[in-house]
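Everything on this sheet refers to the single structure shown next.
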Amino acid sequence: MLKEKAGALAGQIWEALNGTEGLTQKQIKKAAKLKADKDFYLGLGWLLREDKVETSELEGEVFVKLV
C-alpha cells in the first residue's frame with residue numbers, strides 16, 4: 001500500500017516539475033496539491049531513488065528539478 005502511494009505521489013511531483021526549470025518545496029506542494037510534508041518527502045524519495053530529480057537548497061528551502 002505505501003509503495004503504491006509513494007509511486008502516485010512521485011507522479012504528482014513529476015507532473016508539477018515537468019516543463020519547469022525547477023521549483024521549491026512550497027511551490028511543488030501547491031502545484032501537486034500535497035497537504036503534508038511527509039507526502040512531499042515520500043514522493044521525492046521515490047524520484048531521487050530513480051535518479052529522476054536533483055535537489056539543492058535555495059534560500060533555506062529544498063529546490064528540486066528534473067534531470
Practice item. Could you go through the side chain to side chain contact (heavy atoms under 4.5 Å, CB included) check for Glu21 and Lys65 one step at a time? Key: CA-CA 6 Å; Glu21 294 293 318; Lys65 67 179 185 175; over 6 Å; no

Review point. Could you go step by step and tell me if Val64 and Leu23 meet the side chain to side chain contact (heavy atoms under 4.5 Å, CB included) rule?
Key: CA-CA 6 Å; Val64 184; Leu23 299 171; over 6 Å; no

Practice item. Please assess Leu17 against Ile28 for the test side chain to side chain contact (heavy atoms under 4.5 Å, CB included), listing each intermediate value before the final yes or no. Key: CA-CA 7 Å; Leu17 289 167; Ile28 293 169; 3.9 Å; yes

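Listed by first then second residue, pairs satisfying salt bridge (charged side-chain N to carboxylate O under 4.0 Å, His left out) with a partner in residues 39-50 read Lys5-Asp39, not counting sequence neighbours.
Put simply, Phe63 and Val67 are part of two different groups of oily side chains (I, L, V, M, F, W, Y) that touch within less than 4.5 Å, one to the next. In the hydrophobic cluster analysis, where Ile, Leu, Val, Met, Phe, Trp and Tyr join through side-chain heavy atoms closer than 4.5 angstrom, Ile13 is grouped together with Val62.
Atom-to-atom distance recorded for Thr20:OG1 and Gln27:CD is 8.5 Å, nearest 0.5 angstrom. Separating the CG atom in Leu34 from the CZ atom in Phe40 is a distance of 8.0 Å, to the nearest 0.5 Å. In this structure, CG in Leu9 is found 10.0 Å from NZ in Lys38, a value given to the nearest 0.5 Å. We find the NZ-CG distance between Lys3 and Leu42 to be 12.5 Å, quoted to the nearest 0.5 Å. A distance of 12.5 Å separates CG of Leu47 from CD of Glu54, quoted to the nearest 0.5 Å. Atom CH2 of Trp14 and atom CG of Leu66 lie 6.5 Å apart (nearest 0.5 Å).
Between Ala10 and Trp46, the closest heavy-atom pair is CB-CD1, 3.4 Å. The two residues Glu61 and Gln25 have their closest heavy-atom pair at OE2-N, 3.6 Å.
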